[in-house]
Amino acid sequence: MAGVSTKDIKNRIRSMESTKQITKAMEMVAASKLRHAQAQIQNSRPYFEILYSTITEIVESNSDFSSPYLTGSGGQKALYIVIAGDRGLAGGYNSNILKKVCAEAQDKEAAVLPIGKKAIDFFRSRKMPMLTENYPEAADVSIGDCFSIAKLLSKAYRSGEYDEIHVAYTKFESVLSQTPAVLQLLPLTPKGTGEQKGSVDILYEPDATSVFDAIVPEYLGGVLYGTLCESRASEHAARRTAMDSATKNAEDMIEDLSLKFNQARQAAITQEITEIVAGS
Amino acid sequence: MTPFPLKIVSPDGMEFEGMVEELIVRTTTGDIGILAGHTTCVAPLGMGRATVVVDGKKRYAACIGGMVSVVNGHVNLVPTTFEWAEEIDAERAEASYQRAQAVLDSKSASDTDIRLAEARLRRALVRRSVASTK
């Protein structure tokens, strides 16, 4: 019975305790960051909803102008903006999104714009062409950065460097569920049911094309910021869940080990008594 | 005057939602005023002061980037940055103005530095002028 010495078990329990403390602390940090990120989503959501609905209204009711943002050139050169985390220990958060991008980009001539350290490391080791490595900290990217990325993207798109632009992010469904998703940013295709609302006359100030050209970069920046907020919240939620289950596992193991420890101790005592009784 | 519904949303959240009598904003081609019954319209915003008239009282704000749209009488103002005059940190705007000016004055600044400084200068000027009109 005393196959494992009580000392070994004691050591294991002690190391498990400290692991548990760390995972518990990480869970608590993630939970508080998650609250912050959720508030951010809540604040910014109306902005995207209005931005999105305005742009789709224009696209769908449009009949009198064409723009490179609308039609696309039909090429195969795609750019993926990939938003992942800066750190690991977040369950499947990073690997899910990276796997999704790989599957999507498989048969395209794809380049990436990684945001977050994990995404950069991943694509560097895969030797995928990267537009820029300037955003190694997903947590530090501000709304201003989003707009400068958007400007960069619309310039590259208009000059024909890319034919499609997608953003890969993790959608924050709830605290317990996050799903990786890929959203097509450009070209903007009217996804209406075919029925034209053509009779809506919109007054464009100064004219349709320049309004469109001015609004699309805004739209891209806005959508990027929105997806970034979602991704950050997802990362914290994923980490919280992962750390929660790690803490639970540690507790289970400690319980198991304590039982073994007590058995071993009891066995040792019993043996000692038997020896004393037999010896007298 | 007949009021109309206005929503102002920036990435920081909903800044205003309610009935107003008049809205004046700076678009890329100059100021436009919107009253009730305006036709459906979309315009990109420039950098400047926005004036909202609520119950006969004027409220001012610094409004930079984004767009304004009127759809079926509902007005949506979707700026990139939006700050009511009373919320503007005048000291910060002043400091940012000084910093930008210093970059523009120095001879060693690179092209990107100058571009960034110019943008910062313009934003600071808008904020400063709006803050002084509260």
Side-chain angles (χ1 to χ4, degrees), chain A residues 39-62 65 134 141-148 150-152 197-229, chain B residues 5-18 23-35 37-48 63-83 96 112-113 115-117 119-120 122-123:
Chain A
Q40 220 173 16
I41 293 187
Q42 211 95 77
N43 276 341
S44 55
R45 216 166 242 171
Y47 175 76
F48 309 112
E49 275 164 9
I50 290 187
L51 207 57
Y52 185 76
S53 66
T54 313
I55 212 115
T56 42
E57 246 161 56
I58 299 178
V59 170
E60 267 162 34
S61 66
N62 152 64
F65 71 97
N134 289 344
V141 178
S142 69
I143 177 116
D145 292 328
C146 286
F147 283 107
S148 32
K151 267 191 208 125
L152 190 79
K197 293 193 269 170
S199 58
V200 190
D201 285 320
I202 305 182
L203 171 71
Y204 295 101
E205 193 76 45
D207 62 83
T209 321
S210 49
V211 167
F212 208 67
D213 291 351
I215 286 178
V216 167
E218 291 280 343
Y219 166 74
L220 291 183
V223 171
L224 265 183
Y225 183 67
T227 48
L228 195 67
C229 285
Chain B
L6 168 70
K7 262 190 212 167
I8 303 177
V9 275
S10 77
D12 298 326
M14 184 80 81
E15 306 281 351
F16 181 87
E17 187 175 15
L23 168 72
I24 302 169
V25 281
R26 174 77 48 93
T27 69
T28 43
T29 49
D31 279 2
I32 60 166
I34 295 170
L35 295 174
H38 198 285
T39 183
T40 299
C41 138
V42 183
L45 298 177
M47 300 174 133
C63 176
I64 297 166
M67 62 173 185
V68 60
S69 73
V70 187
V71 180
N72 300 328
H74 292 259
V75 183
N76 291 323
L77 185 61
V78 198
T80 315
T81 9
F82 187 89
E83 285 154 18
S96 154
T112 24
D113 282 345
R115 252 205 341 274
L116 286 176
R120 202 180 309 129
R122 254 186 246 135
R123 282 198 295 270

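Just so it is clear: chains get the letters A, B, ... in the order the sequence lines come, proteins before strands, and each one is counted from 1. Owing to the predicted nature of the structure, the values given are computational and were not obtained by experimental measurement.
Of the listed residues (B:Ala43, B:Ser10, B:Ser69), the greatest number of heavy-atom pairs within a distance under 4.5 Å of chain A belongs to B:Ser10.
Closest non-hydrogen pair, B:Pro44 versus A:Ala214, comes out as CB-CB, 3.7 Å. Between B:Thr80 and A:Tyr47, the closest heavy-atom pair is CA-OH, 4.4 Å.
If you measure heavy-atom distances from B:Met14 to chain A, the contacts under 4.5 Å come from both the backbone and the side chain. With a 4.5 angstrom heavy-atom cutoff, B:Val42 touches chain A via backbone and side-chain atoms both. Contacts of A:Leu51 with chain B are made by both backbone and side-chain atoms, with heavy-atom separations under 4.5 Å.
Summarising the geometry, atom CD1 belonging to A:Ile143 is positioned 7.0 Å from atom CG belonging to B:Asp12; distances are rounded to the nearest 0.5 Å. Interatomic distance, NE2 of B:His74 versus CD1 of A:Ile50, reported as 11.0 Å (0.5 Å rounding).
Among the candidates B:Asn76, B:Val78, B:Val9, the single residue satisfying the side chain to side chain contact (heavy atoms under 4.5 Å, CB included) test with A:Pro46 is B:Val9.
A:Tyr219 is linked by a ring-ring contact (aromatic ring centres under 6.0 Å, His included) to nothing, counting only residues two or more places apart in sequence or in another chain.
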